[in-house]
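Read through the structure below, which is laid out as structure tokens, and then see the notes.
Atom set for the values below is all heavy atoms of this structure, side chains included, hydrogens, waters and symmetry mates excluded.
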Amino acid sequence: MKSSSVKSAPAKKNMRPFSSILVDGPDRAPARAMLYPVGFKVEDFSKPIIGIASTWSNVTPCNMHIDKLALESEIGANAAGGKAVIFNTITVSDGISMGTEGMKYSLVSREVIADSIETVVGAEGMDGFVAIGGCDKNMPGALMAIARLNRPAVFVYGGTILPGCITGDTRKLDVVSVFEAVGQHANKKITDAELQAVEQCAIPGPGSCGGMYTANTMASAIEALGMSLPNSSAQNAISPAKKEDCRRAGAAVVSMLKQGIKPLDILTKKAFENAITVVIALGGSTNAVLHLLAIAHDAKVKLALDDFTRIGKRVPVLADLKPSGKHLMSELVAIGGIRPLMKLLLDAGLLHGDALTVTGETMAETLRAVKPYPTGQTIIRPLDQPIKKDSHLVVLRGNLAPEGAVAKISGKEGLQFSGRAIVFESEEKALKSILNGTVKKGHVIIIRSEGPKGGPGMREMLSPTSAIMGKGLGKDVALITDGRFSGGSHGFVVGHVTPEAYVGGPIALVQNGDTITIDAEKRELTLVVTDKELAARRKAWKKPAPRYTRGVLAKYAAHVTSASFGAVTDADLAL
């Protein structure tokens, strides 16, 4: 190996605020010595170090291709004058663990991902970084780390999956097709062979779940925040466009360093309002509420449930996308992605055009040349012909959820539901009763003890909601939980009930046969029980013992806050 002087080139203060501390000067020779074997050359020590946070894993198809995308971002950062260093963080698969004890680790993984990216970037003196995410929790986890570190950074979405298909069948399949097929099979509407055909063909390769589920919702929200490059949210996972997006992201971080742009310059209240607006217009996942609250917390932006209500009163649902609609994300990609929708919203005065983006331009500037959708497309409705005139994400309050709950109501289910409670202390018990016919028309299913602390981990309820749809009960039963829902869930569903059952919230006091009323128009969630009766039940209630006393789930339960605060692990808020 060719030797070099212990002196590096003079640091460019604005370009190397962290790496200069790590590698400059005679006393940092040991650090430089460690970096030669991983690919550094003498000249690289005068360049800004750009981290590439990869969430590659063969755990899930959502992330199985991200190692290749990370290499593209490395190329882009290096070509722009940086020195890229690739590192990994974890991912878990919601689709695989759904309906099992393993799903309790899903929301926990968001915190682990944020912590791990923060740890590596902070420890290794990286001046900026690209974060590439695929499955649901990678995205908010990466954005939380970006906000905490406040170093130039760009998020890249790994891209959406292409639809699955069965020979001779015109349906476009995805993972939710499989969950709903389970309910159809239990209802004897399809055979064993038909179920197997769906499970084998629904997921044809790499990419995130194909509807406007949580992954595509959060990718769209992050683009609306201004933290990814234009079109990053609406590209197929395996495509030349996605490779180019990764290369451009690497270069964009170097450009942000040159311009002195930091994430907290972008992550303003206006940016979060833009994200909420786009999520509503797309008919996105309830998880966006939880994740945007968490990102805003780390960005020190005051965002609350009431902001979703305020914005939701004026923003319509325009996208006819699964799970409530007909189309998949790949179909939206084919007609231009979300950019024409954002331009439509901007022109209508529903987006803040002066919000800054990672490009260095304002949102309005990035949308200036965007062309409208092609004539005749049916995926995105005109503003005067919305699917729903206001938000499908409805924040409910009442004596069952005094601190709030989040409903996903497309309007197809109706706007009110009243029925008799049937109570379950876990998702598994509820699913069994749905599939075996114990749950019947007129029931309000209560799944409790699944909150952030009580679960712990606030499991998603895709298995029971899909079973309800597969059994043909979508309009005839409602489901209420202190857990949360997959972006693939639809029907009359209410989640994020706070306070949760574990801390003695009213949901802990519900009994079989109680009348419960959901009113989306009045935004009320009411347990029809007298105050005197509730007081008696509360007096008799005893706090359950924690389900985990060691390990990551125990640590999470000890520090996690209410869902109404984004279920962040903040020691002060958790007290």
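- Between K262 and D265 there is no salt bridge, since none of the side-chain N atoms of the basic residue sits less than 4.0 Å from a carboxylate O of the acidic one.
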message = Would F272 and L225 count as a side chain to side chain contact (heavy atoms under 4.5 Å, CB included) here? Give the steps.
response = CA-CA 6 Å; F272 282 96; L225 281 171; 3.8 Å; yes
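- Using a distance-only test at 3.5 Å, with no hydrogens or angles considered, no donor-acceptor pair links the side chain of E273 to the main chain of H352.
- For the pair R459 and E428, the salt-bridge criterion is met [side-chain N within less than 4.0 Å of a carboxylate O].
- Looking at D476, its side chain never comes within 3.5 Å of a backbone N or O of K440 through a donor-acceptor pair.
- Residues T517 and V528 meet the side-chain proximity criterion, which asks for heavy atoms closer than 4.5 Å.
- L350 CG to I311 CD1: the interatomic distance, rounded to the nearest 0.5 Å, is 10.5 Å.
- Judged purely by atom type and a 3.5 angstrom limit, T465 uses its side chain to pair as donor or acceptor with the backbone of L462.
- Classification of E331 and K326 as a salt-bridged pair fails, no side-chain N sitting under 4.0 Å from a carboxylate O.
- Atom NZ of K172 sits in a sparse spot, with 12 or fewer heavy atoms from other residues, nucleotides or ligands closer than 6.0 Å.
- Once rounded to the nearest 0.5 Å, the distance linking CG of L149 with CD1 of I146 reads 8.5 Å.
- Between the side chain of N274 and the backbone N or O of L351, no donor-acceptor pair lies under 3.5 Å.
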request  = Output, in order, the C-alpha distance, side-chain angles, deciding distance and verdict of side chain to side chain contact (heavy atoms under 4.5 Å, CB included) for T217 and L282.
outcome  = CA-CA 8 Å; T217 297; L282 288 169; over 6 Å; no
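- For S106 and R484, the side-chain atoms include at least one donor-acceptor pair closer than 3.5 Å.
- In this structure, the side chain of D519 does not engage the main chain of Q416 through any donor-acceptor pair within 3.5 Å.
- For residues 491-507, no residue pair satisfies the side-chain hydrogen bond (donor to acceptor under 3.5 Å, both in side chains) rule, not counting sequence neighbours.
- The side-chain heavy atoms of L346 and M363, taken from C-beta on, include no pair separated by under 4.5 Å.
- For the side chain to side chain contact (heavy atoms under 4.5 Å, CB included) with I261, the qualifying choice from V358, T357, L356 is L356, the only one to do so.
- Considering only heavy atoms from C-beta on, L290 comes within 4.5 Å of L107 through its side chain.
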inquiry  = Pair L305, L293 - check side chain to side chain contact (heavy atoms under 4.5 Å, CB included), show working.
reply    = CA-CA 8 Å; L305 286 175; L293 288 171; 4.2 Å; yes
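- Side-chain atoms of D298 never come within 3.5 Å of backbone atoms of R148 as a donor-acceptor pair (strictly under, hydrogens ignored).
- The shortest heavy-atom contact between T362 and D354 is CG2-O, 4.0 Å.
- The neighbour count for D384 CG, taken as heavy atoms of other residues, nucleotides or ligands under 6.0 Å away, is above 12.
- Atom NZ of K269 has more than 12 heavy atoms from other residues, nucleotides or ligands within 6.0 Å.
- The closest donor-acceptor contact from the side chain of S208 to the backbone of G134 lies under 3.5 Å.
- For the atom pair K471 NZ and S466 OG, the distance stands at 14.0 Å (nearest 0.5 Å).
- Residues A421 and V510 come closest through the heavy atom pair CB-CG1, 3.7 Å.
- For the side-chain hydrogen bond (donor to acceptor under 3.5 Å, both in side chains) criterion with Y157, the lone passing option out of N231, N138, N216 is N216.
- Here the CG-CG distance, from L292 to L303, works out to 7.0 Å after rounding to the nearest 0.5 Å.
- The closest side-chain donor-acceptor pair between T515 and R420 falls under 3.5 angstrom.
- Side-chain contact check for T526 versus N399: some heavy-atom pair is nearer than 4.5 Å.
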request  = Quick one: do K388 and S410 satisfy side-chain hydrogen bond (donor to acceptor under 3.5 Å, both in side chains)? Show the steps, please.
outcome  = CA-CA 7 Å; K388 190 171 184 285; S410 70; over 6 Å; no
inquiry  = Determine whether I445 and I468 satisfy the following criterion, side chain to side chain contact (heavy atoms under 4.5 Å, CB included), listing intermediate values before the conclusion.
reply    = CA-CA 10 Å; I445 303 165; I468 288 167; 3.7 Å; yes
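- In terms of heavy-atom proximity, D390 sits nearest to K313 at CB-O, 4.2 Å.
- In this structure the side chain of V423 never reaches within 4.5 angstrom of the side chain of K429, judged on heavy atoms.
- Closest non-hydrogen pair, T55 versus G133, comes out as OG1-CA, 3.6 Å.
- Side-chain atoms of M218 and I295, non-hydrogen and from C-beta on, do get closer than 4.5 Å to each other.
- The closest donor-acceptor contact from the side chain of S433 to the backbone of A430 lies at 3.5 Å or more, if one exists at all.
- S285 and Y213 make their closest contact through CB-C, 4.1 Å (heavy atoms, listed as atom of the first residue, atom of the second, distance).
- Atom CG of L396 and atom CD1 of I409 lie 6.0 Å apart (nearest 0.5 Å).
- Between the Q377 side chain and the I379 main chain, a donor and an acceptor come within less than 3.5 Å of each other.
- Contact annotation: the side chain of V406 never approaches that of F485 to less than 4.5 Å [non-hydrogen atoms, C-beta and beyond].
- Taking both residues in full, the closest heavy atoms of L345 and A281 are given as CD1-CB, 4.0 Å, listed atom of the first, atom of the second, then distance.
- Here R397 does not pair with E524 in a salt bridge; the nearest charged N to carboxylate O distance is not below 4.0 Å.
- No side-chain donor-acceptor contact under 3.5 Å links T569 to the backbone of Y556.
- Atom CD1 of I518 is separated from atom CG of L415 by 11.5 Å, given to the nearest 0.5 angstrom.
- Annotation: side chain of L321 is in contact with side chain of H327 (closest heavy-atom distance under 4.5 Å).
- Checking D514, I516, V477 one by one against V444, the side chain to side chain contact (heavy atoms under 4.5 Å, CB included) holds for a single residue, I516.
- A donor-acceptor pair shorter than 3.5 Å cannot be found between the side chains of T366 and E361.
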